[in-house]
Amino acid sequence: MSSLSGLNDAQKEAVMHTEGPLLVLAGAGAGKTRVITHRILQIVHRGVAPERILAITFTNKAASEMRERTRKLLWEDQALARPAFEAKKSPFISTFHSLGLTIIKENAKILGYKRTPAIYDRADSLRAMKGALKSVGAEDIEPRAALSIVSRSKGEDTPVSAFLESAETPRERVLALAWLAYEKVLREDGALDFDDLLLRAVTFLRANTEARLRYQARWPYIHIDEYQDTNRIQASMAELLVNDKKNICAVGDIDQTIYGWRGAQITNILSFDKTFPGGKVVVLEENYRSTKNILAAANEVISKNQYRREKNLYTKNKEGALLSLYQAFDETDEAGFIARKIRELVAEGKAPKDFCVLYRANFQSRAIEEALLASDIPYQVVGTKFFERKEVKDVLSYIRAATYTTAPDVARIANTPSRGIGKVTLLKMLNGSESAIGGAVGEKVRAFRVLLVRIAEASKKLPPSKLVQYVMQESGMERMYKEDKVEGMERLENIRELAALATRYDRVALSPLEGLEQFLESAALASDQDELKDEANTVRLMTVHAAKGLEFPYVFITGLEEGLFPYEREDGDAADKEEERRLMYVALTRAKEKVYLSHAAYRTVFGSKNATIPSQFLSDIQEELLEYESPERIGRTIYLD
C-alpha cells in the first residue's frame, strides 16, 4: 500500500513538499493531523532518521494522538527496512511547554539549577505573587491581576528586566518590583512557573549559540501544529529551532484563531511567508467531518470577517439535517429543551457521549447541569480540572515536598490532615527557623519531616502508582476521608483515579524516579481537554474555547444573544469582534451530524433577569438552512428576526 493512499490532492501536495518552508492552511475537519503524520512518514521514506523530526502542538491530548498515529504509520509501513518506533528512535512530538521543559532539563546546570526545576501550578504562583505584593507594599493590587500581567508579558517575550525598564506609571513600577520579588521566590525554591518553561528556554537558545546549533542539528525537520494559536514567545522558539535550510511546516487555520485574549497573535500565521520567505502555501478545504448544511452555515458566518485568507470549506458528505433553532423564554427553558432533546434521541438509540453542549461563558453550565440531573442524563463538565481538585493537589504536594522540598508544597500539606501545626510554626518552618520550634509542637514538626523523608525514600523504589497509594495511606489522608461521611468517598475515589493515571508512568524501561518525574510533569502541564475520558458515556458540557479540536455527532450551541455570544467587551475593538465570529465558526464545525442553536428571550446574569436580543450570528445563517423547534409550553411563541 502506498504511503500516500487515502490522501486527497491537496493533502498529497503538502505531504510531498518536504524541503523548505511550508504553510498548510487547513480548514476545520480537513485532516491536518493526517497531513502532519503522513508528511513525517514521507520524510522518513527519504532517508531521514525519525528522531531527527520534531512536531509541536498545544495540548497533551493532541500530542499523544499525533504520537500514536505517527508510530502506527511507521510501524505498519512495509517499505521501511525496520519499524522505527522505539522511544529513542521516534520523532520528538510534544507540546510547546513540554519542549521548553526538555530544553531546560537538558541544560539545567548551565541555567543554574542543581536539579530539574519544580513547576509551580496556578495556586502556587498566586500564593507567591500575593507574598511578593505584600513585600513591596502593594497589597491593594489583586494577585490574579498582577499574575495575569506577568504571564502576558512573558508570553510577549518580555522578561522582568525589560518590563522594569519600560515601566512608566507608579503602578507599573510597583508591579515590576513585585515581579522581581516573585522571581526571587521561584529562584529560592528552584522552581519555574508555567510561562517560564517557554521564556527561559527561548532566552537560553537566544544567548547560547552552541546550544542553539545543537538543537537545530538534532531536529532539521520541524512541524508546528495550530500555528494560528502561537504567541510571540512560541513563534520565537520555532524561529530559533529552524536551521538555515528552513525545513519548517506550519499547519493552522486563520479562521480558528480564538485565543487572542491569552496572547495568540494571528499575525504569526498571516506573515509566515515574510518570516520564512520562498515557502509554499497549500490550502486544505475538503472537510471530512460535517454535513453540507453545517458547512454552509459555517462558511456564511466566517465569510463576514475581513482579517483572513480566502478559504471555503466543502465536503463530499451528505446534505444532512437542517440546523435547529430554539427560542427559549429563559435559561431554564433553554436547559429544559436541551435535556428533552437529548432524552428523545437517546430513546432512539443514540448514546450520551454523542452529545456536546457548548456555551460562551462558564456560568451558563449551571442551568444545563440542573436540567440534565433532573432528567437523569449522565454528563461531564470539561474545564473542572482533575489536577486542580484539592485532594489530588494534596497528594501531588506531598510527593513534591518530599522530592523537591518546595516551600508552597510544604505550606500546603504541613497541616493536611491536621497535625496542630499553626501559622506561626509554619512561618518558622518556611523561613529557616525550624530549629527554634520546641516542645510538643516541635515533635509534630519533626514527625512531619520524618514522613517526608519516608516518602522520598519510597519514591526511589516504588513506581508512581504505588507511591500515590503509599502517600494516601501514610499521610493519614485515607483515614481522614473515610471518616468524612459527606465528601470523603468522592475524594478518595479521585485519589484512586490519580493512582490509576500514574500507572501510565510505571513502565519497566524507566526507573521509579524517571517515571515519577514524567508523572509530575504531565500533571503540571495538563490542559482542559486532558480531562476528557474518551471511554465515558456522558454528555460533554464545555466552553467553545475548550471544544477546539474536538468533534461530536450532535452539538448544542447555547446562549446565542448579543452581549453573550458574541461576547461584548467594554474596550472591545474590531479584532475582538472578528475573534467572536471565529469562535462561532469553531462551534459550528465541531458537529458531524446535527447542530442545535438556542437563545433565550430573558437571561439571568449576576442575579438580574434581563431581556436579550438574538445574536447577529443567527441572522448570518440563511433561512433555508434552519428549522424551528417548538417549545413545550402553553402560549404562542414569536421568533424575532
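Just so you know, these numbers come straight off a predicted model, no measurement behind them. One-based numbering along the sequence shown.
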Within 45 degrees of the axis of the six-membered ring of Y596 and under 6.0 Å from its centre: does K594 put its NZ or CZ there? yes
Go through the side-chain N and O atoms of Y585 and N299 and say whether any donor and acceptor fall under 3.5 Å apart.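 No.
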When you compare the side chains of T18 and R46, does any donor N or O come within less than 3.5 Å of an acceptor on the partner? yes
Residues [X], [Y]: salt bridge by 4.0 Å N-O rule:
X    : Y    : result
R581 : D620 : yes
R232 : E156 : no
R200 : E183 : yes
E319 : K292 : no

So, using side-chain contact (heavy atoms from CB on, under 4.5 Å) as the criterion, who are the partners of T257 when residues are at least two apart? Q228, I266, R582
K105: what forms a side-chain contact (heavy atoms from CB on, under 4.5 Å) with it, not counting sequence neighbours? L101, T116, E517, E521
Ignoring hydrogens and angles, write down the donor-acceptor pairs under 3.5 Å from the side chains of residues 214-223, residues two or more places apart or on other chains.
from : atom 1 : to   : atom 2 : distance (Å)
R214 : NH2    : N107 : OD1    : 3.0
Y215 : OH     : E106 : OE1    : 2.7
Y215 : OH     : N107 : ND2    : 2.9
Q216 : NE2    : L240 : O      : 2.8
Q216 : NE2    : V242 : O      : 3.3
R218 : NH1    : E106 : OE2    : 3.4
R218 : NH2    : E106 : OE1    : 2.9
Y221 : OH     : E19  : OE1    : 3.3
Y221 : OH     : E19  : OE2    : 2.9
H223 : ND1    : L54  : O      : 3.3
H223 : NE2    : R39  : NH1    : 2.9

Please identify each residue that fulfils side chain to side chain donor-acceptor pair (under 3.5 Å) with T315, with sequence neighbours left out. N317
Applying ring-ring contact (aromatic ring centres under 6.0 Å, His included), can you list everything that pairs with Y113, at least two apart in sequence or on another chain?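 ring-ring contact (aromatic ring centres under 6.0 Å, His included) list for Y113, sorted by chain: empty.
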List the residues meeting ring-ring contact (aromatic ring centres under 6.0 Å, His included) with Y359, not counting sequence neighbours, and say none if there are none.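 Checked Y359 against ring-ring contact (aromatic ring centres under 6.0 Å, His included); zero matches.
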